Protein chains: 2
Amino acid sequence: MLSKKTKYAFHALTYLGKNKDQGAILISEISEKHNISHKFLENILLELKKAGFLGSKKGKGGGYYLIKEPREIPLSRIIRLLDGPIALLPCVSLNYYEPCEECENQEQCGLNKVMIEVRDETLKILEMKTLQDILSNE
Amino acid sequence: MLSKKTKYAFHALTYLGKNKDQGAILISEISEKHNISHKFLENILLELKKAGFLGSKKGKGGGYYLIKEPREIPLSRIIRLLDGPIALLPCVSLNYYEPCEECENQEQCGLNKVMIEVRDETLKILEMKTLQDILSNE
DNA sequence: ATAAAACCTACAAATTATATAGAGTAAATG
DNA sequence: CATTTACTCTATATAATTTGTAGGTTTTAT
C-alpha cells in the first residue's frame with residue numbers, strides 16, 4: 001500500500017492540475033479540500049517542489065503550482081520520491097538496490113529472478129499511467 | 001516492498017518445495033539455511049499452516065511439509081496472507097477494502113479509478129506467478 | 001519417562017510513518 | 001518601511017507497525 005504521504009501527494013497534484021490556470025494555490029486550500037493536516041502537507045509539497053514537479057511563490061498571493069505537464073508525471077516518479085522502491089524486494093530494486101541479508105547467493109535465488117519479472121511488469125503500468133490519467137477520470 | 005515476514009515465507013516455501021520428498025523438515029533447518037530467526041520463522045510457518053499451505057508433525061522426527069502443489073500457490077495468496085492488501089490504496093482493495101478518510105466521494109475520485117487499473121494489472125502478474133516459478137529458477 | 005519439536009500467547013524492541021512546533025525567509029501592499 | 005502573508009527549514013514528538021524474544025504447553029517417537 002502507498003503511504004499517506006504519497007496518497008496525499010497525488011491528491012495535491014491532482015488538485016493543482018485541475019486548477020492549473022488559477023495561478024498559485026494555497027497549501028491551506030488543498031489541505032482543507034482533502035482533509036489533510038496543513039503542516040504535513042507542507043512537507044510533502046516542499047518535497048515535490050525540490051524534485052521539480054512544483055513551483056511556488058512566497059508571501060501574499062503566494063502558493064504552489066504545477067510546472068510540469070500532467071502527462072509527464074508518471075505515477076512511478078511520485079511513488080519513488082515519497083515511498084521509495086517500487087520493487088517488492090531490495091535485491092531487485094533499480095533505484096534503491098540492497099542485497100538481501102539472508103541471501104548468500106543472489107544469482108541462485110529463484111525468488112530474486114521472479115521478483116525481477118514482477119518488478120518489470122509493475123513498472124510498465126506505473127510508468128505508463130500519469131497524473132493526466134488521474135485528471136481524465138475526475 | 002514486502003515485509004521480511006513475507007520474504008521469509010517465500011524462502012521457507014521454496015525450501016520446502018525443493019525438499020518435497022524428504023518428509024517433514026525442521027524449522028531450525030530452514031532458519032539456519034536462510035539466516036532467519038528461529039522464533040520468528042516459527043510464527044510464519046504456523047500462519048502458513050493455518051492457511052492451508054503447509055502440514056506439520058509434532059514431536060521427534062516432526063517438522064513442516066508442503067501440502068499444496070507449488071503451481072497452486074500464487075504469489076498473491078502469500079502476500080495477502082502475511083502482508084495484507086496488494087492494492088495501493090485501501091479504497092481499491094478487493095480483500096481489505098476501506099474507504100479513504102480524506103475522500104468525500106470515491107465515485108468522483110480519479111485516483112481511485114486509476115488505482116483500480118493498477119491493481120488489476122498487478123494482480124494479473126501476482127496471480128499468474130506461483131511458487132513453481134520460483135522453484136524453476138533455482 | 002524422556003527428549004524432541006511444533007504450538008501458543010504475550011510482550012519487548014526497533015523501526016518507520018505520521019504529525020506538530022516554531023523560528024526563518026521572501027514577497028506584496030499600503 | 002512595517003506589517004501581513006505564506007512558503008521554507010530543522011527538529012522533535014507521537015503513533016503505529018514490524019520485527020524479534022520469552023517461556024511455557026502439547027504432541028510424538030523411542
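Convention: sequence-line order gives letters A, B, ...; per-chain numbering from 1. Computed from a predicted structure; not experimentally measured.
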Participant: Would you say a side-chain N or O of A:S3 is under 4.0 Å from OP1 or OP2 of C:dT18?
Facilitator: yes
Participant: Using whole Å, what does the distance between atom P of nucleotide D:dT19 and atom CE of B:M1 come to?
Facilitator: 10 Å
Participant: Using atom NZ of A:K49 as one end and atom P of C:dT25 as the other, report the distance to the nearest whole Å.
Facilitator: 15 Å
Participant: Detail all sub-3.5 Å separations between protein N/O atoms and N/O atoms belonging to nucleotides 26-30 of chain C.
Facilitator:
from: C:dA26; atom 1: O4'; to: A:K58; atom 2: NZ; distance (Å): 3.2

Participant: Measure from the side chain of A:E42, starting at C-beta and using heavy atoms only, and say which of D:dG20, C:dG22, C:dA6 lies closest.
Facilitator: C:dG22
Participant: So, does A:K124 use its side chain to make a donor-acceptor pair with the main chain of A:R119 at under 3.5 Å?
Facilitator: no
Participant: Looking only at atom types and distance, does a side-chain atom of B:D133 sit under 3.5 Å from a main-chain N or O of B:T130, one as donor and one as acceptor?
Facilitator: yes
Participant: Report yes if some heavy atom in the side chain of A:E101 is under 4.5 Å from a heavy atom in the side chain of B:N35; otherwise report no.
Facilitator: no
Participant: Identify whether the distance between the nearest side-chain nitrogen and carboxylate oxygen of B:K5 and B:E47 falls below 4.0 Å.
Facilitator: yes
Participant: Using a 4.0 Å heavy-atom cut-off across all strands, classify A:L26 as base, sugar-phosphate, or nothing.
Facilitator: sugar-phosphate
Participant: Please indicate whether A:E104 has more than 12 foreign heavy atoms, meaning atoms of other residues, nucleotides or ligands, lying under 6.0 Å from its CD.
Facilitator: no
Participant: Same cluster or not: A:I27 versus A:F40, using hydrophobic residues (I, L, V, M, F, W, Y) connected whenever any side-chain heavy atoms lie under 4.5 Å apart?
Facilitator: yes
Participant: Can you measure A:N43 atom CG to C:dG22 atom C1' for me and round it to whole angstrom units?
Facilitator: 13 Å
Participant: Starting from C1' on D:dT19, measure out to CD1 on B:I44 and report it in whole angstrom.
Facilitator: 9 Å
Participant: What pairs of donor and acceptor atoms, side-chain ones from residues 77-88 of chain A against any protein atom, are under 3.5 angstrom apart with sequence neighbours left out?
Facilitator:
from: A:D83; atom 1: OD1; to: A:S3; atom 2: OG; distance (Å): 2.5
from: A:D83; atom 1: OD1; to: A:T6; atom 2: OG1; distance (Å): 3.0
from: A:D83; atom 1: OD2; to: A:S3; atom 2: N; distance (Å): 3.0
from: A:D83; atom 1: OD2; to: A:T6; atom 2: OG1; distance (Å): 3.4

Participant: Please examine the side chains of B:L66 and B:I73, heavy atoms only from C-beta on, and report whether any two atoms are closer than 4.5 Å.
Facilitator: yes
Participant: Please state how far atom CG in B:L2 lies from atom P in D:dT17, giving the value in whole angstrom units.
Facilitator: 18 Å
Participant: Mind running a 4.0 Å heavy-atom check of residues 83-105 of chain A against DNA chain C and sending the residues that fall below it, in number order?
Facilitator: none
Participant: Which residues, if any, of residues 27-39 of chain B bring a heavy atom under 4.0 Å of DNA chain C?
Facilitator: B:I27, B:K39
Participant: Tell me which residues in residues 5-21 of chain A put a heavy atom below 4.0 Å from DNA chain C, sorted by number, or none.
Facilitator: A:K5, A:Y8
Participant: Could you give the CG-to-P distance, from A:L54 to D:dA6, as a whole number of Å?
Facilitator: 18 Å
Participant: Apply side chain to side chain contact (heavy atoms under 4.5 Å, CB included) to B:K18 and list each qualifying residue two or more places apart in sequence or on a separate chain.
Facilitator: B:T14, B:L135, B:E138
Participant: A side-chain contact here means heavy atoms from C-beta on lying under 4.5 Å apart; do B:L75 and A:V114 qualify?
Facilitator: yes
Participant: To the nearest Å, give me how far apart NZ (A:K50) and C1' (D:dC7) are.
Facilitator: 12 Å
Participant: Taking the six-membered ring for Trp, are B:H34 and B:H11 parallel (under 30°), tilted (30 to 60°) or perpendicular (over 60°)?
Facilitator: parallel
Participant: Check whether any side-chain heavy atom of B:C100 sits under 4.5 Å from a side-chain heavy atom of B:Q106, and report yes or no.
Facilitator: no
Participant: Looking at B:E117, is its backbone amide N or carbonyl O close enough to the side chain of B:D120 to form a donor-acceptor pair, meaning the two atoms are under 3.5 Å apart?
Facilitator: no
Participant: Within this structure, what is the CD-to-C1' distance between B:E47 and C:dC8, rounded to whole angstrom?
Facilitator: 13 Å
Participant: For residues B:F10 and B:L46: do they belong to one hydrophobic cluster (side chain heavy atoms under 4.5 Å, members Ile, Leu, Val, Met, Phe, Trp, Tyr)?
Facilitator: yes
